[in-house]
There are 2 protein chains.
Amino acid sequence: MTSPATSTVPRRTQAERRESTQTRLLDATLACLIESGYAGATTAKIESRASASRGARLHYFPTKAALVSAAVAHLFEGIAARYDRAMSEVAPDANRFRAGLRLLADTFAEPAHAAVLELFVAARTDPELREQLRETSARLHQLVRMRANEYFPNLARREASGLLEAIQATLSGLALRSFVFGETKNQDQVLDLIEHMIETTFDAPGSTRRNVDG
Amino acid sequence: MTSPATSTVPRRTQAERRESTQTRLLDATLACLIESGYAGATTAKIESRASASRGARLHYFPTKAALVSAAVAHLFEGIAARYDRAMSEVAPDANRFRAGLRLLADTFAEPAHAAVLELFVAARTDPELREQLRETSARLHQLVRMRANEYFPNLARREASGLLEAIQATLSGLALRSFVFGETKNQDQVLDLIEHMIETTFDAPGSTRRNVDG
DNA sequence: CGGTAAACAGACCGGCTGGACGGTTTGTAG
DNA sequence: CTACAAACCGTCCAGCCGGTCTGTTTACCG
């Protein structure tokens with residue numbers, strides 16, 4: 001752009017280089033987290049995977065905590081975006097509650113959630129990381145709640161208060177087992193069951209509410 | 001026993017010393033796991049907490065993996081025993097399903113379960129530990145299922161198939177959040193809700209079953 | 001252009017972790 | 001009471017992890 005390409009190097013601008021290196025480092029951090037766990041995600045591995053030098057990483061993230069913190073934000077940003085997009089793509093004619101539940105289950109099942117799991121468990125014994133996660137996870141939770149209220153307004157009623165938390169807990173628990181042992185055979189069965197239970201509870205004639213669907 | 005107590009030392013037998021040291025090491029391993037997480041549970045910390053020397057630990061557990069493996073068995077043994085005892089103490093006159101659920105929730109909330117969590121997550125990226133856990137956790141799961149079938153036979157019916165897994169997943173997910181952030185305020189609310197949902201689903205007049213209670 | 005600062009590179013070091021290993025104490029059998 | 005084995009002790013060492021630091025390249029501004 002600013003000068004003729006005298007060499008094979010594309011001659012990127014500073015902002016481009018900066019952005020590229022940072023993103024590579026953050027993505028590499030998450031990949032290592034998923035692949036090797038929190039303890040196994042050493043700075044050397046991350047730098048190597050990101051094709052960045054020790055100095056480069058240090059230039060942007062002076063400490064490992066800073067790197068991981070930034071990666072957390074990066075991760076939740078991606079999860080929120082994907083979740084948001086998936087929710088808005090739910091077919092309006094189909095059983096929306098069912099579709100929404102499956103979509104949520106899918107986001108909990110994707111590999112990126114393994115990184116969330118690693119970070120949560122690591123945060124249990126790391127105050128600094130915990131505070132970082134508390135804030136970021138609260139934001140994500142609020143997004144989920146907003147979307148849920150928007151798509152399934154009846155879930156916001158007090159009779160169903162705690163239902164969203166219960167669903168998240170269940171999906172989180174299912175994800176834990178599947179991540180460790182790769183057991184997915186019971187997953188659909190369990191999903192069908194809780195779906196059935198929710199519909200029975202909140203659609204029953206004698207119940208306080210008519211329908212969980214929006 | 002074999003000789004007069006010439007000194008203040010109780011003069012323990014070999015088997016006693018052996019048992020004592022091993023138990024101290026295993027308990028210390030679990031305590032460190034709960035307190036510092038898997039990565040933070042170093043052999044030095046464990047030895048120090050167990051008041052055992054490096055050599056003593058090495059004598060019984062040649063490697064850290066051996067120590068952790070033994071600790072896993074020790075842990076699940078304890079959990080199973082406590083769980084078993086708690087289940088058998090459920091008052092037969094009270095609402096047994098409700099009591100059983102609360103009891104199960106309690107076992108998931110106790111600190112020992114934090115060690116389970118650490119081990120599960122560590123096992124995700126450690127094949128050796130994973131195999132060790134798979135077997136042990138399958139045994140525990142089977143115990144829970146047996147007790148559940150024994151106390152609440154209606155849960156074993158096919159209409160409720162997967163309910164036990166769903167409950168375990170939910171409690172596990174709730175425990176995760178509470179261990180990291182210490183949030184317990186929503187816990188009772190969620191418990192009430194799923195209890196209500198289960199009763200509504202399986203006690204409803206139009207339902208296939210009458211009562212979840214035994 | 002030329003100079004400055006940002007982006008990047010890699011050698012170096014302190015600290016820690018876990019294992020090996022020779023030596024010491026304690027229990028028990030003959 | 002003595003000899004052997006099990007239980008136990010603590011130092012040493014190789015390897016790794018993460019951070020500091022000095023040097024080099026690249027982009028941008030005047």
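Here is the naming used below: chain letters follow the sequence lines, and residue numbers restart at 1 for every chain.
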When you measure from the side-chain N and O atoms of [X] to the phosphate of [N], is any distance below 4.0 Å, counting only OP1 and OP2?
| X | N | value |
| --- | --- | --- |
| A/R57 | D/dG19 | yes |
| B/T63 | C/dG18 | no |
| B/S53 | D/dG10 | no |
| B/H59 | D/dC8 | no |
| A/T21 | C/dC8 | yes |
| A/R54 | D/dT20 | no |
| B/T43 | C/dG18 | yes |

Legend entry - Minimum-distance nucleotide (side-chain atoms of B/R18 versus C/dG18, D/dA7, C/dG19): D/dA7
Atom-to-atom span, [atom1] of [X] to [atom2] of [N] - whole angstrom:
| X | N | atom1 | atom2 | result |
| --- | --- | --- | --- | --- |
| B/K64 | C/dT17 | NZ | C1' | 8 Å |
| A/R17 | D/dC28 | CZ | C1' | 11 Å |
| B/E47 | D/dC8 | CD | P | 13 Å |
| B/L58 | D/dA7 | CG | C1' | 13 Å |
| A/F61 | D/dC17 | CZ | C1' | 19 Å |
| A/Y60 | C/dA7 | OH | C1' | 5 Å |
| A/E16 | D/dT26 | CD | C1' | 13 Å |

Inset, instruction - For the residue pair A/F179 and A/H113, categorise the inter-ring angle as parallel (less than 30°), tilted (30 to 60°) or perpendicular (more than 60°). - result: parallel
Inset, instruction - Fit a plane to each ring of B/F76 and B/F120, take the angle between them on a 0 to 90° scale, and name the class: parallel (under 30°), tilted (30 to 60°) or perpendicular (over 60°). - result: parallel
Inset, instruction - Verify side chain to side chain contact (heavy atoms under 4.5 Å, CB included) between B/R102 and B/D188, making sure each step is shown before the conclusion. - result: CA-CA 9 Å; B/R102 298 297 160 136; B/D188 285 333; 4.2 Å; yes
Inset, instruction - Just do the salt bridge (Lys or Arg N to Asp or Glu O under 4.0 Å) check on A/R82 and A/E110 with the steps written out, would you? - result: CA-CA 11 Å; A/R82 263 171 296 178; A/E110 68 183 338; 3.0 Å; yes
Legend entry - Ion pair B/E165/B/R145, N-O distance below 4.0 Å: yes
